[in-house]
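Below is one structure, written out as structure tokens, with a few remarks after it.
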Amino acid sequence: MNLIIRKTAEEAAVWAAHYIAMRIREKAERTDKPFVLGLPTGSTPIGTYQELIRMFKAGEISFKNVITFNMDEYVGLPETHPESYHSFMLRNFFYHVDVPWDNIHILNGNAADLEKECADYEQAITEAGGIDLFLGGIGEDGHIAFNEPFSSLVSRTRVVTLTHDTRVVNSRFFAGDVNQVPKQALTVGVATILGAKEVVILGFGEKKAAAVKAGVEGAYSHTITFSALQAHEYGTVVLDEPAASRLSSETVRYFREVEEANAR
Ligand code: PGA
């Protein structure tokens with residue numbers, strides 16, 4: 001695992017955007033094959049999307065040869081609802097960049113056959129050649145995508161029931177009314193994320209500090225599904241200082257030294 005800590009969420013978001021852009025360019029220099037990018041929603045990735053949009057507008061990066069797969073979507077919420085992850089992605093990223101529409105994949109939480117929808121999604125990822133880089137966030141309870149505590153660490157894309165805690169956290173997007181937050185979602189599994197060639201997980205703010213500590217310094221455990229990143233060869237956690245505030249000083253010093261050594 002690699003760990004990057006920046007003073008503010010803005011700096012950490014910019015770091016992540018530049019890292020993603022570097023990976024897209026690197027692949028384009030090697031091959032004509034598309035770059036396959038896994039994407040999250042939520043408050044956390046917005047700064048990274050903003051920097052990627054800025055870079056696109058400045059001519060520094062193109063997404064023409066990028067295929068995207070989003071992590072998750074609510075079940076039963078109309079796609080046009082402002083809080084659907086379809087709407088979120090259009091508003092915060094896809095409307096502003098040049099990812100071809102046909103290259104965008106988001107789970108359909110209104111599919112007649114949800115299990116088939118999930119199986120087809122896994123199939124589409126495989127057919128795209130697998131995910132090159134999966135970007136994600138961490139829930140306050142340590143979830144990645146909607147893999148709540150006690151999700152199997154070898155889970156694949158499926159229908160899940162959201163915990164009450166997650167629905168309360170997400171009720172801020174539904175006028176503070178937990179009853180408006182859907183009870184179920186479709187989500188890629190922990191193994192779907194770990195199947196990516198590289199995984200970059202963002203965690204910002206003091207509210208994430210306990211989950212960050214548990215996932216980085218604690219045991220590999222289904223109680224904190226983010227801890228599964230420990231079993232990935234190329235996992236990077238990008239934090240601001242508040243999210244890193246519960247890590248031991250030895251952990252922080254070690255990763256700062258690694259970063260300095262890599263920069264030389
Ligand atoms: P947030 O959500 O980015 O809105 O904090 C992260 C998550 O729940 O995965």
Side-chain angles (χ1 to χ4, degrees), residues 6 8-10 12-17 20 38-52 69-75 77 82-89 91-93 106-107 109 134-151 153 155 157 160-176 178 180-190 192-194 196 199-216 222-229 235-246:
R6 289 291 177 271
T8 65
E10 290 71 29
V14 166
W15 186 94
I20 293 164
L39 294 174
T41 55
S43 311
T44 311
I46 288 178
T48 298
Y49 289 142
Q50 285 174 348
E51 177 63 7
L52 287 171
F69 286 90
N70 263 83
M71 286 188 145
D72 41 21
E73 177 58 287
Y74 291 115
V75 166
L77 199 65
E83 297 310 332
S84 80
Y85 291 169
H86 281 76
S87 298
F88 175 98
M89 287 308 298
R91 189 166 66 236
N92 289 295
F93 192 52
I106 306 179
L107 283 154
F134 222 131
L135 179 70
I138 314 168
E140 289 178 32
D141 61 2
H143 67 217
I144 40 172
F146 272 138
N147 295 288
E148 299 284 33
F150 310 112
S151 292
L153 299 185
S155 52
T157 305
V160 292
T161 300
L162 303 181
T163 61
H164 182 69
D165 287 352
T166 291
R167 291 177 63 236
V168 169
V169 168
N170 287 7
S171 66
R172 71 191 192 280
F173 300 117
F174 292 84
V178 69
Q180 285 183 40
V181 184
K183 292 197 163 102
Q184 288 192 309
L186 303 185
T187 183
V188 295
V190 178
T192 318
I193 299 169
L194 295 194
V199 181
V200 176
I201 301 290
L202 312 175
F204 304 153
E206 215 276 324
K207 282 186 180 160
K208 304 294 171 72
V212 165
K213 183 176 178 63
V216 173
H222 62 175
T223 56
I224 299 283
T225 57
F226 154 62
S227 70
L229 193 66
T236 300
V237 181
V238 187
L239 305 174
D240 64 358
E241 282 187 354
S245 61
R246 293 206 197 177

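Whatever order the structure lists them in is the order used to number ligands and atoms, beginning at 1. Below, all heavy atoms of this structure are taken into account, side chains as well, without hydrogens, waters or symmetry copies.
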Task: Nearest-contact summary for atom 3 (O) of ligand 1 - protein heavy atom, Å - done: Thr44 OG1, 2.4 Å
Task: Numbered atoms of ligand 1 (with element) below 4.0 Å of His143, judged on heavy atoms - done: 7 (C), 8 (O), 9 (O)
Open item on the list: Ring-plane angle category for Phe146 and Tyr85, please: parallel below 30°, perpendicular beyond 60°, tilted otherwise.
Closed with: parallel
Task: Contact (N/O only, under 3.5 Å) between Thr41 and ligand 1 - done: no
TODO: Heavy-atom distances under 4.0 Å are what count here, so tell me which part of Lys207 touches ligand 1: side chain, backbone, both or neither.
DONE: neither
Task: Glu148 near ligand 1 by a heavy-atom separation under 4.0 Å - done: no
TODO: Without swapping roles, check the side chain of Asn147 against the backbone of Val188 for a donor-acceptor pair under 3.5 Å.
DONE: yes
Task: Inter-residue atom distance Thr48.OG1 - Glu10.CD, 0.5 Å rounding - done: 10.5 Å
Task: Taking atom 5 (O) of ligand 1 as the reference point, the nearest protein heavy atom with its distance - done: Lys208 NZ, 2.6 Å
Task: Thr225 (side chain) donor-acceptor with Ile144 (main chain) under 3.5 angstrom - done: yes
Task: Ser155 side-chain N/O to Val190 backbone N/O, donor-acceptor pair under 3.5 Å - done: yes
Task: Within reach of ligand 1, part of Ile138 (heavy-atom separation under 4.0 Å) - done: backbone
- [ ] Step through it carefully: locate the ring centre of Phe174, locate the ring centre of Tyr74, and say whether they are under 6.0 Å apart.
- [x] yes
- [ ] Under 4.0 Å from a heavy atom of Gly42: give me the atoms of ligand 1 that qualify, with their elements.
- [x] 3 (O), 4 (O)
